[in-house]
2 protein chains.
Amino acid sequence: MSLNNMSSKNNLELNPRISVDCVIFGFDLNQLKVLVIERSISDSDKQILTLPGDLIYEAENLEIAADRVLFELTGLETIFLEQVGAFGDTDRLNKEADKKWLRAVREEPEARVITIAYFSLVNIHEYAPQASSFAKSAAWIPLNEIDELAFDHFDILQTALKKLKNKIRIQPVGFNLLPEKFTLSQLQKLYEAILGRELDKRNFRRKMLKLQLVEMLEERQEKVPHKPSQYFKFNETNYNILIENGFDNFGF
Amino acid sequence: MSLNNMSSKNNLELNPRISVDCVIFGFDLNQLKVLVIERSISDSDKQILTLPGDLIYEAENLEIAADRVLFELTGLETIFLEQVGAFGDTDRLNKEADKKWLRAVREEPEARVITIAYFSLVNIHEYAPQASSFAKSAAWIPLNEIDELAFDHFDILQTALKKLKNKIRIQPVGFNLLPEKFTLSQLQKLYEAILGRELDKRNFRRKMLKLQLVEMLEERQEKVPHKPSQYFKFNETNYNILIENGFDNFGF
DNA sequence: TCGCAAAGTGTAAGTGTGACACTTTGTAAA
DNA sequence: TTTACAAAGTGTCACACTTACACTTTGCGA
């Protein structure tokens, strides 16, 4: 098939199924978590874990499809969503369990599938599981407890995490993962979870306060068995000013 | 169609054509250039410009397909190649000229196409145009002279450029665009072209020399009507040492 | 030999980063 | 009510990096 020939149909040409898969990050109990689907293989007790996803509709834009998956699963709209990339290597179905499960749900394991992956950051406390049978088997699993996923989903997860790491150096996207009000310690734990390393408390606070991305609230913690922390909220106005000035280096 | 039903075929389900498109960057005469294909619309003198691309073969991995397009077009192998992402909005064919051209080559303009875009960095002087009729209509166009491309290719180009900008802050990928030996001024011009802003000569040289990413050669320019410049080459050993130490901030 | 045009060079001020340890404060248990 | 606890909160110093800035050098060609 020659390069300038985009018109002829022939048997070399790919005719795959196209899906979206979503890596949905949440943050809870100082841990970064991912929303995964537990699927049972009919003839055993084993479960396989997958990322939530679906085939894309005919008249649907890619990002809309990802939005839809997210909404149908979490009840959340207009959340942070960014493309991770396309995945679809021919060896994506090299695990026996995957094939077995596909056979069980009457899919052909041989079919080529290309998936467009997205990652999103959600406030885990606004998570409102939907009624679909799909959502019923969804679970928040701590990132560091996931060491295997079906198909190429583990690869997708790794890539999404890498993107998130890079992103947070350039844009303070982490606030999407936190509730409206939060403590600076929570924020720091979040950064530590994403970056995968510990940060110095004083240096971290200095940086955040200097940039004026957080604003101190009147409110403070209550009933904690230690000195209560001030609550803060994200200052979007200051964030937008920074962005307009081309600021894109948060020094992590 | 419910979210947990990935098995049923129905008329909502997408069955698109899948292609790869490549944004091939080169650097020449202190300008960042892109390799585009000039396609004639049969019934007029107008040309439309597209990114080089092709449909993906049935048994072919995505990246392999991009490699193939690159090789068939440029004769180059094992070059820097990275995925930009998947593009395939339903309105990608909103320009009349695009539809006209597709009709002329017997494509249905209504067909949904999803394309996986890659960008690569090539040494423009090793570019060896191949014999295909495709390659014959290829041309290196300076980036800043491109203000329209067919389909969603302009969007793809912009996104690729953004990725390149980010990448060069983290990894000194620019050397892929230069010949073996180059002057520090060339290197600086390259960085300026990618970043879209001017850099201070002394500061730039200091940074590059301090990191020891470049190594001075014996050779110098000849027959230039001014003080001849030293030639340098990329020091891959030192680069690998930096990477192993987790260094990923080149301060741009 | 003179002019040109780009190469090449150093410093000082300011800003951000990383490392480091003790005091404060509210709760809950004794 | 006193006390122990556990996390919150706070300042400084040394160092590295960044930015801004102007003149001299060198080879070629007219």
Side-chain angles (χ1 to χ4, degrees), chain A residues 29-31 168-170 172 178 181-193 195-233 238 242 245-252, chain B residues 28-31 168-170 172 178 181-193 195-233 242 245-252:
Chain A
L29 270 9
N30 288 346
Q31 280 186 311
I168 209 167
R169 296 168 50 164
I170 287 178
L178 292 174
K181 60 181 190 191
F182 49 83
T183 71
L184 286 187
S185 293
Q186 277 181 289
L187 185 60
Q188 184 182 339
K189 292 287 181 204
L190 170 56
Y191 271 80
E192 290 177 340
L195 295 170
R197 66 169 203 268
E198 298 205 333
L199 301 172
D200 180 274
K201 181 165 51 160
R202 278 179 284 196
N203 296 339
F204 181 80
R205 298 170 83 91
R206 169 160 33 114
K207 182 174 295 175
M208 284 298 155
L209 294 171
K210 162 114 52 89
L211 294 173
Q212 302 193 78
L213 284 176
V214 290
E215 195 175 331
M216 194 187 285
L217 301 175
E218 294 298 304
E219 213 173 338
R220 34 173 66 215
Q221 283 182 319
E222 277 171 25
K223 303 193 181 155
V224 288
H226 53 76
K227 179 171 175 178
S229 170
Q230 286 290 342
Y231 279 120
F232 291 79
K233 68 168 192 177
N238 287 345
L242 278 182
N245 295 332
F247 188 85
D248 66 351
N249 188 345
F250 288 83
F252 290 108
Chain B
D28 189 35
L29 271 8
N30 289 344
Q31 280 185 310
I168 208 166
R169 296 168 49 164
I170 287 178
L178 291 174
K181 59 181 189 190
F182 50 82
T183 70
L184 287 187
S185 293
Q186 277 180 290
L187 184 60
Q188 185 182 337
K189 293 286 180 204
L190 170 57
Y191 271 79
E192 289 176 341
L195 295 169
R197 66 169 204 267
E198 298 204 335
L199 300 172
D200 180 274
K201 181 165 52 160
R202 279 178 286 197
N203 296 338
F204 181 81
R205 298 170 82 90
R206 171 154 36 106
K207 181 176 294 175
M208 284 298 155
L209 294 171
K210 162 117 47 98
L211 294 174
Q212 301 192 78
L213 284 177
V214 290
E215 194 175 330
M216 195 187 284
L217 301 176
E218 293 297 304
E219 212 172 339
R220 34 172 67 215
Q221 282 182 320
E222 277 172 24
K223 306 196 179 151
V224 287
H226 54 76
K227 179 172 176 177
S229 170
Q230 286 289 343
Y231 280 119
F232 290 79
K233 67 170 192 178
L242 278 182
N245 295 333
F247 188 84
D248 66 350
N249 187 346
F250 288 82
F252 289 107

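The chains referred to below are lettered A, B, ... by the order of the sequence lines, with proteins before strands, and numbering in each begins at 1. Only a predicted model underlies this, so the values are computations on that prediction, with no experimental measurement involved.
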Shorter than 3.5 Å, N or O on both sides, protein versus nucleotides 27-29 of chain C: list them out with atom names.
{"unit_1": "C:dT27", "atom_1": "O4'", "unit_2": "A:Val224", "atom_2": "O", "d": "3.3"}

**Prompt:** What pairs with B:Gln188 under side-chain hydrogen bond (donor to acceptor under 3.5 Å, both in side chains), at least two apart in sequence or on another chain?
**Reply:** B:Glu192
**Request:** Provide, to the nearest angstrom, the distance between the CZ atom belonging to A:Phe182 and the C1' atom belonging to D:dA8.
**Result:** 16 Å
**Fill in**
Applying ring-ring contact (aromatic ring centres under 6.0 Å, His included) to A:Tyr231 and not counting sequence neighbours gives none
**Asked** For DNA chain C, what residues of residues 245-252 of chain B have any heavy atom nearer than 4.0 Å?
**Response** none
**Request:** Select one nucleotide: of C:dG8, C:dT9, C:dT24, the one nearest the side-chain heavy atoms of B:Arg202.
**Result:** C:dT9
**Asked** On the ring face of B:Phe252, is B:Lys207 found with NZ or CZ under 6.0 Å from the centre and within 45° of the axis?
**Response** yes
**Message:** Holding to side-chain hydrogen bond (donor to acceptor under 3.5 Å, both in side chains), I want the full list of residues that pass it with A:Arg206, two or more places apart in sequence or in another chain.
**Reply:** A:Asn203
**Message:** Once salt bridge (Lys or Arg N to Asp or Glu O under 4.0 Å) is applied, do any residues pair with B:Asp200, and if so which ones, sequence neighbours excluded?
**Reply:** none
**Asked** Do the non-hydrogen side-chain atoms of B:Ile168 and B:Phe250 ever get within less than 4.5 Å of each other?
**Response** no
**Prompt:** Do A:Leu184 and A:Val214 have side-chain heavy atoms sitting under 4.5 Å apart?
**Reply:** yes
**Pairs involving residues 215-229 of chain B, ordered by first then second residue, that meet side chain to side chain donor-acceptor pair (under 3.5 Å) (sequence neighbours left out)** = B:Lys181-B:Glu219, B:Glu215-B:Asn235
**Message:** Can you list, in residue-number order, the parts of residues 208-221 of chain B that come under 4.0 Å of DNA chain C, counting heavy atoms only?
**Reply:** none
**Request:** For A:Asn30, check side-chain hydrogen bond (donor to acceptor under 3.5 Å, both in side chains) against everything at least two apart and list the hits.
**Result:** none
**Request:** For B:Thr183, answer base if it contacts any base atom (sugar-phosphate contacts may also be present), sugar-phosphate if it contacts only those atoms, and nothing otherwise; contact means non-hydrogen atoms under 4.0 Å.
**Result:** nothing
**Complete:** By side-chain contact (heavy atoms from CB on, under 4.5 Å), A:Gln186 pairs with (sequence neighbours left out) A:Phe182, A:Thr183
**Complete:** Picking from C:dT9, D:dT10, C:dC20, the nucleotide nearest the side-chain atoms of A:Lys201 would be D:dT10
**Message:** According to salt bridge (Lys or Arg N to Asp or Glu O under 4.0 Å), who are the partners of A:Arg169, at least two apart in sequence or on a separate chain?
**Reply:** B:Asp248
Each nucleotide N or O in nucleotides 12-14 of chain D that has a protein N or O under 3.5 Å away: list the pair and distance.
none

**Request:** Select one nucleotide: of C:dG26, D:dT26, C:dA19, the one nearest the side-chain heavy atoms of A:Pro228.
**Result:** C:dG26
**Request:** Taking only the side-chain heavy atoms of B:Lys207 (C-beta and beyond), determine which of D:dC21, D:dA7, D:dT18 contains the nearest atom.
**Result:** D:dT18
